[in-house]
Amino acid sequence: MRALDAVTTVGCVRVVTWNVNSVKQRVPRLLPWLDQRKPDVVCLQETKLADDAFTALLGDALGERGYEFALFGETQWNGVALLSRVGLDDIAVGVAGAPGFPHIEARAVAATCGGVRVHSLYVPNGREPESDHYKYKLEWLASLRDVLEAGPADALVCGDINIAPTDADVFDPEAYIGQTHVTEPERAALEAIKALGFHDVVRDRWPNERVFSYWDYRAGMFHRDLGMRIDLILASDSVAPRVRAAWIDRHARKGTGPSDHAPVIVDLDEAPDGDIGPVVPPPSSPGGKKKVKLPQAK
DNA sequence: ATGACATAACATTTATGA
């Protein structure tokens, strides 16, 4: 018997985002996690690996698991990837119109997966408020907003957004005064994206919970649950009603050799809300095919 | 104590992270 959490419900699409902090270092955690959680679409950040090296490292393992992938990597820093086994069309790397620092950095890859425009994003850190890097972060976010506004209505904005949306998303707001990730302009940049009709689906599902996605490696921060929620999945107005589950997989931060970020997981109904009733897995579905034959409403 | 821990490469030191 399989554990419930190891099964992607037939009729659902599972989308995840995870800042892995070096995909090379994380292989012993990433592959077992894919086998356990069985996501259909995977957004990775901080892969820290050039595209050819990524393919050499993981191409076979991902292919065996049914994933196609799109990459935008660098030798040393940054790096994003998008894996999908529900289609991967119209791949776009980078954010149109966004600045570099000074060169264009590998921080964005998007594709259409199962009819939804999925963005895997690694937003610039910002370093210090008012620094050049901070200004870069805000300009980059403004360009992202414009791309999302011009893009398809069915969209998911996934990634390490490097903004704690509210004070409830940091372990101690006092400790973060004057720091990046919590400043008003950063939060306003995120709000400008949400104003396009994007919903922070984990917070919507857990409005009063202490829920973090990042804990510093140092000083036992994870053990003491002193973290931040900076990894987000934002669902467009049209996709948000399809969300059946939204949570952060804190377990993946435990144990040996974890990333300092935990994955965020969202399960979507296969079809838009209203098209179908409760999804019931057919008895003995092979699981490979995602299309579910549903009774037609009379 | 602008560190602690982890990661990378122009690597025995420095840059980056949030």
Side-chain angles (χ1 to χ4, degrees), chain A residues 17-30 44-54 56-58 71-81 99-108 120-138 140-141 158-187 189-190 210-232 248 250 252-264:
Chain A
T17 185
W18 193 4
N19 178 324
V20 291
N21 186 15
S22 172
V23 73
K24 187 188 288 185
Q25 292 300 316
R26 219 58 60 208
V27 167
R29 297 295 300 256
L30 175 62
L44 300 177
Q45 300 87 35
E46 285 206 83
T47 55
K48 298 184 176 178
L49 205 58
D51 294 349
D52 52 355
F54 184 107
L57 179 70
L58 283 169
L71 306 174
F72 187 16
E74 298 177 26
T75 305
Q76 184 173 9
W77 306 120
N78 311 310
V80 287
F101 193 75
H103 70 281
I104 297 297
E105 297 182 308
R107 296 184 176 274
S120 178
L121 305 172
Y122 177 46
V123 175
N125 172 289
R127 299 181 188 171
E128 300 294 330
E130 308 311 322
S131 68
D132 287 347
H133 204 266
Y134 179 84
K135 293 167 187 167
Y136 164 52
K137 179 179 192 175
L138 295 179
W140 195 95
L141 286 163
C158 308
D160 179 353
I161 305 302
N162 269 327
I163 301 168
T166 74
D167 281 352
D169 299 304
V170 297
F171 74 89
D172 180 5
E174 298 284 322
Y176 284 93
I177 291 173
Q179 306 287 316
T180 55
H181 299 67
V182 302
T183 67
E184 191 280 330
E186 291 165 277
R187 286 175 171 170
L190 177 58
R210 179 187 180 94
V211 54
F212 300 137
S213 67
Y214 162 85
W215 301 260
D216 198 299
Y217 283 123
R218 295 169 289 187
M221 297 291 271
F222 177 71
H223 182 70
R224 296 187 284 158
D225 197 24
L226 305 179
M228 313 173 76
R229 193 175 66 93
I230 54 177
D231 300 87
L232 308 179
I248 293 176
R250 196 173 181 281
R253 180 63 175 79
K254 300 178 181 177
T256 305
S259 171
D260 44 1
H261 296 250
V264 185

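In what follows, chains carry the letters A, B, and so on, assigned in the order in which the sequence lines appear, proteins first and then strands, with residues in each chain numbered from 1. Fair warning: this is a prediction, and the values are worked out from it, not measured in the lab. Note that these values count all heavy atoms, side chains included, but never hydrogens, waters or copies made by symmetry.
As a whole-Å value, the separation of Arg187(A) CZ from dA18(B) C1' is 14 Å. What separates NE2 of His103(A) from C1' of dA15(B) is a distance of 13 Å, to the nearest Å. Straight-line distance from the CD atom of Glu46(A) to the C1' atom of dC5(B): 14 Å, rounded to whole Å. One atom, CZ of Phe54(A), and another, P of dA8(B), lie 14 Å apart when rounded to the nearest Å. When rounded to the nearest whole Å, the span between CD1 of Ile177(A) and C1' of dA18(B) equals 17 Å. As a whole-Å value, the separation of Asp169(A) CG from dA18(B) P is 16 Å. Distance, Ile230(A) CD1 to dA18(B) P: 6 Å, rounded to whole Å. Rounded to an integer number of Å, the gap from Leu232(A) CG to dA18(B) C1' is 14 Å.
Dashed line: the shortest gap from a side-chain N or O of Arg127(A) to OP1 or OP2 of dT16(B) is under 4.0 Å. Contact annotation: His133(A) does not reach the phosphate of dT16(B) (side-chain N/O to OP1 or OP2, under 4.0 Å). Within the 4.0 Å cut-off from OP1 or OP2 of dT16(B), not a single side-chain nitrogen or oxygen of Asn21(A) is found. In terms of phosphate contacts, Gln76(A) brings no side-chain nitrogen or oxygen within less than 4.0 Å of OP1 or OP2 of dC10(B).
For CD of Gln179(A), the number of neighbouring non-hydrogen atoms (other residues, nucleotides, ligands) closer than 6.0 Å is greater than 12. Under a cut-off of 6.0 angstrom, the local environment of NE2 in His223(A) is sparse, with at most 12 non-hydrogen atoms contributed by other residues, nucleotides or ligands.
At a threshold of 4.5 Å between non-hydrogen side-chain atoms, the residues Asn21(A) and Tyr214(A) do not count as touching. With contacts defined as side-chain heavy-atom distances shorter than 4.5 Å, the pair Arg224(A)/Phe171(A) does not qualify. Side-chain atoms of Trp77(A) and Glu105(A), non-hydrogen and from C-beta on, never get closer than 4.5 Å to each other.
Separation of the Phe222(A) and Phe212(A) ring centroids does not fall under the 6.0 Å cut-off.
Contact of Asn125(A) with dA18(B) (side chain to base): a donor-acceptor pair of N or O atoms is detected under 3.5 Å.
The same atom, C1', is picked in dA11(B) and in dT16(B); the two are 15 Å apart, to the nearest Å. Straight-line distance between the P atoms of dC10(B) and dA15(B): roughly 15 Å, to the nearest whole Å. Comparing dT14(B) with dA18(B), their P atoms sit 22 Å apart, to the nearest whole Å. Distance check on atom C1': dA8(B) versus dT12(B) gives 15 Å, rounded to whole Å.
Put simply, CG on Leu190(A) and CD1 on Ile230(A) are 12.0 Å apart, with the number rounded to the nearest 0.5 Å.
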For a ring-ring contact (aromatic ring centres under 6.0 Å, His included) check, start with the C-alpha distance between His133(A) and Phe101(A), then their side-chain angles and the critical distance, and finish with the verdict. CA-CA 7 Å; His133(A) 204 266; Phe101(A) 193 75; 4.6 Å; yes
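Each of Gln45(A), His181(A), Lys137(A) was scored for a side chain to side chain donor-acceptor pair (under 3.5 Å) with Asn162(A), with one residue passing: His181(A). Each of Arg253(A), Arg210(A), Lys254(A) was evaluated against Asp225(A); a single residue qualifies, Arg210(A), per the salt bridge (Lys or Arg N to Asp or Glu O under 4.0 Å) test.
Contacts of Thr180(A) with the nucleic acid, taken as non-hydrogen atoms under 4.0 Å apart, are absent. Here Tyr122(A) lies in heavy-atom contact (under 4.0 Å) with sugar-phosphate atoms only. Nucleic acid contact for Asn19(A): sugar-phosphate only, since backbone atoms but no base atoms lie under 4.0 Å from a heavy atom of the residue.
Map Met228(A) and Arg26(A) each onto its nearest nucleotide of DNA chain B; the residue landing nearer the 5' end is Arg26(A).
In this structure, the nucleotide among dG17(B), dA18(B), dA8(B) sitting nearest to the side chain of Arg107(A) is dG17(B).
Residues of residues 160-167 of chain A having a heavy atom closer than 4.0 Å to DNA chain B, listed by number: Asp160(A), Asn162(A). Sorted by residue number, the members of residues 213-227 of chain A with any non-hydrogen atom under 4.0 Å from DNA chain B read Tyr214(A), Tyr217(A), Arg218(A).
Minimum heavy-atom separation, Ala108(A) to Trp140(A): CB-CZ2, 4.2 Å.
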